[in-house]
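As a basis for the values below, the full set of heavy atoms in this structure was taken, side chains included, without hydrogen atoms, waters or symmetry mates. Source: prediction; values computed, not measured. Labels below follow one simple rule: chain letters A, B, ... track the order of the sequence lines, proteins then strands, and each chain is numbered from 1.
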There are 2 protein chains.
Amino acid sequence: MSENLGDLYQVKEKMYVATDCIIFGFQNGKLKLLVFKRKVSPLEGEWSLIGSFVRLDEDLEVAGKRVLKESTGLENVYMQQLRTYGKKDRDPGYRCISVAQYALIRINEYDEELVEEHGAKWFEIDQLPLLILDHNQMVHDALLQLKQNARYRPIGFELLPEKFTIPQLQALYEAIYRRELDPRNFRKKVLSLNVLEKLDEKDRSGSKRGAFLYKFNNDNYRDLLESGYNFEIA
Amino acid sequence: MSENLGDLYQVKEKMYVATDCIIFGFQNGKLKLLVFKRKVSPLEGEWSLIGSFVRLDEDLEVAGKRVLKESTGLENVYMQQLRTYGKKDRDPGYRCISVAQYALIRINEYDEELVEEHGAKWFEIDQLPLLILDHNQMVHDALLQLKQNARYRPIGFELLPEKFTIPQLQALYEAIYRRELDPRNFRKKVLSLNVLEKLDEKDRSGSKRGAFLYKFNNDNYRDLLESGYNFEIA
DNA sequence: ACTTTAAATGTACGTTGTACATTTATTTTT
DNA sequence: AAAAATAAATGTACAACGTACATTTAAAGT
């Protein structure tokens with residue numbers, strides 16, 4: 001009964017529908033969030049997630065991708081709906097619900113100029129400022145879902161560059177789970193999944209010896225799923 | 001930037017916001033869904049989830065509970081947001097997004113008369129009729145989430161009567177996971193969690209010998225969580 | 001007394017998680 | 001040229017857990 005046509009006796013009122021983006025990145029072993037300084041009144045100068053109203057002729061997901069592109073310049077980014085925030089008084093102005101969507105981006109790929117234009121800043125996840133409205137709640141919920149999803153789906157890889165080392169991957173998981181992992185067990189576990197492809201290059205930024213680079217092999221991942229075995233890290 | 005006040009240059013258009021309820025129940029070893037026959041045109045007579053527009057002065061969750069109460073008579077029911085469906089053309093009438101929420105109810109508790117008034121019917125999960133709009137998709141997604149959630153949270157218990165037998169609990173999990181479980185291993189596993197309280201009564205509906213009734217002990221469940229151990233079934 | 005039904009119980013084995021210390025490759029310093 | 005410093009890479013033993021599997025038991029019906 002959700003469709004509106006002909007529901008003559010139902011209370012039928014329109015409201016504003018917004019979407020807000022929780023943009024995660026990973027850099028220097030830290031999980032980060034892209035936050036924006038509001039340029040318009042009210043709450044001008046306050047920190048906020050980036051968002052927009054959803055247009056009448058626009059799919060919800062399309063609206064999320066549009067917001068992301070406008071603010072970071074990025075397309076083809078991993079994005080997923082989190083949930084919808086719909087307390088009647090969540091926005092002190094008109095009634096407005098917001099569909100929160102979170103994105104995982106490779107920080108090195110993003111358009112720095114564009115981001116600066118928007119008054120944006122990367123904050124470490126545990127040094128976030130106070131955000132407007134229920135945006136801190138959204139981030140909190142997104143972190144929880146990221147934790148749950150990263151365990152059984154290879155979404156962590158969306159946050160790393162295409163080529164990455166195993167210690168980098170471990171640092172990412174440590175940042176997501178907020179606990180230390182044993183390097184020997186971690187390596188054994190991820191390699192046992194057979195979804196990493198070892199390259200002949202090394203990354204020397206982390207140590208004198210250097211660590212071998214790997215890339216995620218999507219075909220092998222599909223094989224893993226089809227074989228019935230679980231992808232499960234940490 | 002989701003709030004509308006003062007966003008002078010943003011496109012700002014209102015739309016309809018509905019909520020649809022995916023109502024699960026469990027009876028005779030089968031997982032079931034409560035489906036409604038539409039009483040109004042268009043699509044009159046078609047099967048549909050039950051839903052409503054969200055009112056301007058109404059929280060999203062409140063709208064879901066209202067719909068549930070109006071259609072089943074039940075209050076204090078487990079209910080959880082699934083996700084929001086927002087394709088621009090999902091509803092052939094006006095632009096309308098729908099926040100899907102799913103509920104788990106004890107079939108024996110619900111108000112049968114009220115349900116009949118609404119032209120409602122319980123369908124077994126794998127004998128669902130064609131539903132209007134994207135409602136079959138919603139059910140599909142809800143089933144997936146139910147599977148995932150039931151594994152780590154004791155939401156399965158919301159579908160059983162307060163007192164239940166271990167074979168009943170096993171049948172529920174078998175229905176959710178759509179596979180058979182070994183009775184010995186299942187019993188061992190659930191009892192090891194220490195969240196079931198054995199009663200002195202038996203249920204004789206299932207066999208001549210009868211099976212002992214248990215109830216879920218919420219305090220023990222909290223202890224389990226705090227002790228850091230995982231609730232994990234099947 | 002015998003049959004029928006589903007409930008209840010235990011064990012052995014394989015797999016996986018976990019704890020833990022040393023060696024290696026390379027650069028930088030002396 | 002040698003030594004020091006750094007993080008990467010590797011293996012093993014034990015505990016915990018999942019899994020496969022067959023028999024006995026309580027009660028009702030004949």
Side-chain angles (χ1 to χ4, degrees), chain A residues 28-30 147 150-152 160-161 163-175 177 179-215 224 227-234, chain B residues 28-30 147 150-152 160-161 163-215 224 227-234:
Chain A
N28 302 329
K30 303 276 185 186
K147 243 187 223 180
R151 188 154 186 170
Y152 298 108
L160 293 172
K163 302 174 183 180
F164 52 86
T165 68
I166 290 186
Q168 278 164 11
L169 184 62
Q170 181 180 337
L172 171 59
Y173 275 91
E174 289 180 332
Y177 293 130
R179 64 185 174 93
E180 295 198 340
L181 302 171
D182 181 280
R184 290 158 289 189
N185 295 339
F186 182 82
R187 181 181 294 266
K188 199 199 319 179
K189 178 76 198 192
V190 293
L191 289 177
S192 77
L193 297 173
N194 256 17
V195 295
L196 297 188
E197 205 171 306
K198 188 173 185 174
L199 304 175
D200 270 334
E201 308 166 62
K202 279 189 168 185
D203 173 298
R204 295 237 159 68
S205 63
S207 76
K208 292 164 182 173
R209 179 180 178 178
F212 278 103
L213 288 162
Y214 288 78
K215 64 180 186 184
L224 181 69
S227 78
Y229 283 106
N230 275 353
F231 175 91
E232 185 186 344
I233 289 182
Chain B
N28 302 330
K30 303 277 187 186
K147 243 187 224 179
R151 189 153 187 173
Y152 299 107
L160 293 171
K163 301 173 183 182
F164 53 86
T165 68
I166 290 185
Q168 279 165 9
L169 183 63
Q170 182 182 334
L172 171 59
Y173 275 92
E174 288 180 335
I176 292 175
Y177 292 130
R178 295 168 166 282
R179 64 187 175 92
E180 295 198 341
L181 302 170
D182 181 279
R184 292 157 289 191
N185 295 338
F186 182 81
R187 180 181 295 265
K188 199 199 322 178
K189 178 80 197 190
V190 293
L191 290 178
S192 77
L193 297 173
N194 257 17
V195 296
L196 297 188
E197 205 171 307
K198 190 175 184 174
L199 304 175
D200 270 334
E201 309 165 64
K202 279 188 165 185
D203 174 299
R204 296 237 159 67
S205 63
S207 77
K208 294 165 181 173
R209 177 180 179 178
F212 278 102
L213 288 162
Y214 288 78
K215 64 180 185 185
L224 181 69
S227 78
Y229 283 106
N230 274 354
F231 175 91
E232 186 185 343
I233 289 183

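- Taking each heavy atom of A/Gln168 and A/Lys163 in turn, the nearest pair found is OE1-O, 4.5 Å.
- The shortest non-hydrogen separation linking B/Leu213 to B/Thr165 is CD2-CG2, 3.8 Å.
- Of all heavy-atom pairs spanning A/Lys215 and A/Phe164, the tightest one is CA-CE2, 4.0 Å.
- In this structure, A/Phe212 atom CZ and C/dT24 atom P are separated by 15 Å, rounded to whole Å.
- Inter-residue side-chain proximity for A/Arg187 and A/Leu191 is flagged as met; some heavy-atom pair is nearer than 4.5 Å.
- Here the shortest heavy-atom pairing between B/Tyr173 and B/Leu181 reads CB-CD1, 3.9 Å.
- Atom CD in B/Glu232 sits about 17 Å away from atom P in D/dA16, given to the nearest Å.
- B/Val190 and B/Leu196 make their closest contact through CG2-CD1, 4.1 Å (heavy atoms, listed as atom of the first residue, atom of the second, distance).
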What does nucleotides 25-30 of chain C look like as a protein-contact string, B for base, S for sugar-phosphate only, - for none, at under 4.0 angstrom between heavy atoms?
BBB---

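- Here the P atom of nucleotide C/dG17 and the CG atom of A/Leu181 are 13 Å apart, to the nearest Å.
- Using a 4.0 Å cut-off on heavy atoms, the residues of residues 187-196 of chain B that approach DNA chain D are B/Lys188, B/Lys189, listed by number.
- Put simply, CD1 on B/Ile233 is 15 Å from P on D/dC17, counting in whole angstrom units.
- Spacing between atom CG of B/Asp203 and atom P of C/dA8 amounts to 10 Å, rounded to whole angstrom units.
- Heavy atoms only, all atoms of each residue included: B/Arg209 and B/Arg204 are closest at O-NE, 3.5 Å.
- Rounded to a whole Å, the CZ atom of B/Arg184 is 7 Å from the P atom of D/dA22.
- DNA chain C is contacted by both B/Thr165 and B/Asp182; B/Thr165 maps to the nucleotide lying nearer its 5′ end (nearest heavy atom per residue).
- Relative to the axis of its first five pairs, the axis of the last five pairs of the helix from C/dA1-D/dT30 to C/dT30-D/dA1 sits at 10°, rounded to 10 degrees.
- For A/Asp182 (side chain) and A/Arg184 (main-chain N/O), a donor-acceptor pair under 3.5 Å exists by modelled atom type.
- Residue A/Asn194 holds its CG atom at 8.0 Å from CG of A/Leu224, rounded to the nearest 0.5 Å.
- If you measure from atom CZ of A/Phe186 to atom P of D/dG11, you get 18 Å, rounded to the nearest angstrom.
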Given B/Leu160 and B/Leu169, is the side-chain contact (heavy atoms from CB on, under 4.5 Å) satisfied, shown in steps?
CA-CA 8 Å; B/Leu160 293 171; B/Leu169 183 63; 3.5 Å; yes

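- With contacts defined as side-chain heavy-atom distances shorter than 4.5 Å, the pair B/Phe186/B/Ile233 qualifies.
- To the nearest angstrom, C1' of D/dA15 lies 12 Å from OH of B/Tyr229.
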